[in-house]
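Presented below is the structure to which this report refers.
Basis for what follows: all heavy atoms, side chains included, without hydrogens, waters or symmetry-related copies. Residues: numbered from 1 along the sequence shown. Note that the structure is a prediction, hence the values are computed from the model and not measured.
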Amino acid sequence: MQFDSASCAHRDFNQGSFLRISANEVRKAGCLKGISFELLLTQNESPRTILKHGPLSLLLRNGKVVLEIDSIELELLPATKHSWLTVTVENDDECLAVEVRGHDALYPIHFRRRIDAVSWKNLSQDILFGSDGEDKCPTLNARFAAIKLLTEDGEVNWTFPTLLPRGNILDKNRMLVLEVLNNPTFCVTSLRWDGSGFDPRIAPTHYDAIHCHDDDMGPLDWPASVIAEVPAAAEPGVYAFEVTCDSGKEDIVFFVSTREARAPLLFVIPTATYLAYADEFLPPHLYEWLCEDRGQRFAVDNNLRSLYDYHSDHSGVSLCSYRKPKATLRADYRYPLCGCPHNLPVDLHFLRFCHDNGIAVDIMTDHDLHERGPQSLMHYKAVVTGSHPEYVSMEMEGALREFLSSGGSLAYLGGNGFAGTVAFQDDLMELRRSPLEAGRTWDGPVSEQALSITNEPGGYLRNRGRGEFSLVGGAISLMGFSGARPFSRTPASHAPKHAWLFEGVSNETFGDSGMVLGGAAGYEVDATDPHLGTSPGVVVVARATGFPDDFFHDPTRWYQGGEDEQNSRRCAEMTIRHLAAGGLIFSASSVAWCGALPETGEMNDVGVITRNLLERLSMDRS
């Protein structure tokens, strides 16, 4: 391990995405005659910079677009939100001309003003879009498109691609660079979008805009203070660097994945879900906190956002990076909305249970499965999930389906899994939410469901005929943050084909305690629905009912029998499906299931059922 004490210092980070054409690129362009761009302003609560070049600043102040240059300050026109404008600043007969043209036929705008300001001519300085370059005010919440430099040698044009670029943007003809800073959102509708289609692959010019936010964050490229090499012989598992200081200590979690199959079972750590939830903002004025957590408080104090949060302009956060603080990814994390452990600490509890009971498992992360594909599963008898594998890429889901079709088995030990589509690129993960996903999270417009990383549809996998119902048999039915419920066996569970799962369990009802809301069925629970894709081969072996009134239904489900049928379906359903290829799929149907496993040195019915399942799946494929 290498330690550099000189680089071990307090580090700052800047939030807010913006665009820049460097002075060097401006000089390459030739004699500058003007700048043109398309602009759509969103919500901005304080003074902001729209455009800055040398002494010229086009500002947003007190609801007005204001021009400042030299000692001149002019209010040009009222700022219009959510309406596309074309803005042009150019030399005009020895004067500076500013023109703003609107494109909303119901609110027409055409403004042109000439100003005697010769100091702007022939400058070769940085051109900034959405930032003052000095951090005197937050960056601009806005969309930009069709940026042009007007020069004596012709136009330099930049078009924003629908696919998220890995670097900066080059103009098509002269290869000049437009810098994109702090991860704004690509693949959003532009002035050219007319509602005729929702697929950027078919109409890329409809999605050639970029959305900048004042709370966007790029990866933190801080100098490394510690460099540690993981030994090749290191056991796969969940590890942490312990960082200590005068005021206390903190554990920084990392994962060591298996290099080759050594155990019959593979536990896939749901790192996509960890990323989606990490540093959730949860402002206390909007959500009641049932407990304090230092990581959650750090997220609020530092204006960090998760994929469950809104940007400050009320658009949804769709990009996150693992190269940023993850203050809520800890073994002792407690989720303020439910007052109990969530995600990583619950999955660690499962891994301790396996260790205590001699159940051998290899470990892989979601990211590994995405990158390595189906071949990474071929030597295992079964794949085991964590407590909340909610988000998957198409590559991950495809790998699981191929594994199951070849005779493998799946132990789905969670709830609300395999629901949302994500995509990965380098350090980034992207999630686009659908308006059909009504709830406490943000809803994106139907026109912007496509992922910028792949341009494939985002939202629920089930909307594409894939995902939870067709894969594991059920999907989220209820969500709530009060008391969890126990399960009760169904008559089908006593059939010889399924009775092995409950061998050693004497009670018909089980799971009345646990670290997640005090039971085995809680937080988010799943139920079957043949109308939405549950296979006829799925068998319900246990059911939990009697959930408190504050557990609310999945709003995307429709019940033919209306409210009476809906009330009859206030349940969680544990299922088994035996597959034609020889494997099986078990669904615990509850985020709280792993939290109801026994502590070290103890055993309970949830532990017996889980041990029976994993020992059965560890046997050779039939």
Side-chain angles (χ1 to χ4, degrees), residues 18-41 49-58 65 67 69 76 84-103 109-115 117-131 133 140 142-163 165 167-181 184 186-193 200 203-212:
F18 62 99
L19 310 170
R20 177 171 59 206
I21 305 171
S22 72
N24 186 51
E25 299 300 293
V26 175
R27 283 191 289 270
K28 290 180 185 177
C31 185
L32 185 64
K33 297 175 62 178
I35 303 168
S36 176
F37 58 97
E38 293 170 355
L39 172 72
L40 182 143
L41 297 169
T49 299
I50 299 172
L51 171 70
K52 182 174 177 58
H53 183 218
L56 180 143
S57 293
L58 201 59
V65 178
L67 174 70
I69 185 167
L76 302 183
W84 278 103
L85 308 170
T86 298
V87 180
T88 304
V89 181
E90 61 182 336
N91 294 324
D92 180 13
D93 296 331
E94 302 303 318
C95 291
L96 172 66
V98 180
E99 182 177 43
V100 180
R101 185 180 296 272
H103 300 277
I109 296 173
H110 185 200
F111 173 92
R112 185 175 178 89
R113 184 73 176 265
R114 298 173 74 247
I115 303 152
V118 296
S119 65
W120 187 68
K121 298 175 183 176
N122 301 319
L123 292 177
S124 294
Q125 298 183 26
D126 287 358
I127 301 174
L128 300 169
F129 299 89
S131 172
L140 185 70
R143 293 189 176 187
F144 291 95
I147 292 177
K148 301 178 183 179
L149 296 187
L150 313 175
T151 78
E152 290 185 348
D153 298 325
E155 293 183 356
V156 181
N157 297 274
W158 286 275
T159 299
F160 293 112
T162 62
L163 284 169
N168 298 314
I169 311 296
L170 301 177
D171 83 290
K172 294 182 179 180
N173 297 322
R174 299 165 64 181
M175 305 300 285
L176 299 184
V177 174
L178 172 67
E179 297 176 67
V180 180
L181 298 100
F186 283 76
C187 197
V188 294
T189 54
S190 69
L191 170 61
R192 282 150 290 286
W193 188 75
T205 59
H206 292 199
Y207 291 85
D208 58 354
I210 191 171
H211 195 149
C212 294

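Judged purely by distance below 3.5 Å, without hydrogens or angles, the side chains of Ser190 and His206 never pair a donor atom with an acceptor atom.
Residues that satisfy the side-chain contact (heavy atoms from CB on, under 4.5 Å) test with Arg101, not counting sequence neighbours, are Glu99, His110. Contacts of Leu56 classified as side-chain contact (heavy atoms from CB on, under 4.5 Å), with partners at least two apart in sequence or in another chain: Leu51, Leu67, Ile69, Val89, Leu96, Trp120. Partners of Ser22 according to the side chain to side chain donor-acceptor pair (under 3.5 Å) rule, which considers only residues two or more places apart in sequence or in another chain, do not exist here. Ile169 pairs by the side-chain contact (heavy atoms from CB on, under 4.5 Å) definition with Trp158, Phe160, Pro161, Pro165, Leu178, Val180, Phe186, not counting sequence neighbours. Every residue meeting the side-chain contact (heavy atoms from CB on, under 4.5 Å) condition with Thr162, not counting sequence neighbours, appears here in chain and number order: Cys187, Pro200, Pro204, Tyr207, Asn455.
Remark: the backbone N or O of Arg174 is paired with a side-chain donor or acceptor of Asp171 at under 3.5 angstrom.
Rounding to the nearest 0.5 angstrom, the gap separating the CD1 atom in Ile210 from the OG1 atom in Thr159 is 12.0 Å. Rounded to the nearest 0.5 Å, atoms OG (Ser36) and NZ (Lys148) are 5.5 Å apart. With rounding to the nearest 0.5 Å, the separation of OG1 in Thr49 from CG in Leu58 is 9.0 Å. Of the inter-residue distances, the one linking Asn157 atom CG with Asn173 atom CG reads 7.5 Å to the nearest 0.5 angstrom. Taking CD1 of Ile147 as the reference point, atom CD1 of Ile21 lies at 6.0 Å (rounded to 0.5 Å). The CG atom of Leu41 lies 6.0 Å from the CG atom of Leu140; values are rounded to the nearest 0.5 Å.
Gly130 and Phe144 get closest at one heavy-atom pair: N-CZ, 3.9 Å. Nearest heavy atom pair, residue Leu181 against residue Arg20, reads CD2-NH2, 3.5 Å. In terms of heavy atoms, Ala23 sits closest to Asp126 at N-OD1, 2.7 Å. Contact record, Leu149 with Ala29: CD1-CB, 4.1 Å, taken as the closest heavy-atom pair. Lys52 approaches Ser57 most closely through the heavy-atom pair NZ-OG, 3.6 Å. Taking each heavy atom of Val26 and Ser124 in turn, the nearest pair found is CG1-CA, 4.1 Å.
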Take Leu19 and Glu179 through the side chain to side chain contact (heavy atoms under 4.5 Å, CB included) test and state the conclusion after the steps. CA-CA 6 Å; Leu19 310 170; Glu179 297 176 67; over 6 Å; no
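Between Arg113 and Glu90 there is no salt bridge, since no side-chain nitrogen of the basic residue lies less than 4.0 Å from a carboxylate oxygen of the acidic one.
At least one side-chain heavy atom of Leu39 sits less than 4.5 Å from a side-chain heavy atom of Ile50. Residues Leu170 and Leu176 form no side-chain contact, since every pair of their non-hydrogen atoms from C-beta on lies 4.5 Å or further apart. Counting heavy atoms from C-beta on, the side chains of Thr88 and Val98 never come closer than 4.5 Å.
Between Phe37 and Phe129, the ring center distance clears the sub-6.0 Å criterion.
Sorted by first and then second residue, the salt bridge (charged side-chain N to carboxylate O under 4.0 Å, His left out) pairs involving residues 22-39 (not counting sequence neighbours) are Glu25-Lys28, Glu38-Arg192.
Surrounding CZ of Arg114 are more than 12 heavy atoms belonging to other residues, nucleotides or ligands, all under 6.0 Å away.
Put simply, the residue from Asn91, Ile127, Leu150 that forms a side-chain contact (heavy atoms from CB on, under 4.5 Å) with Leu32 is Ile127.
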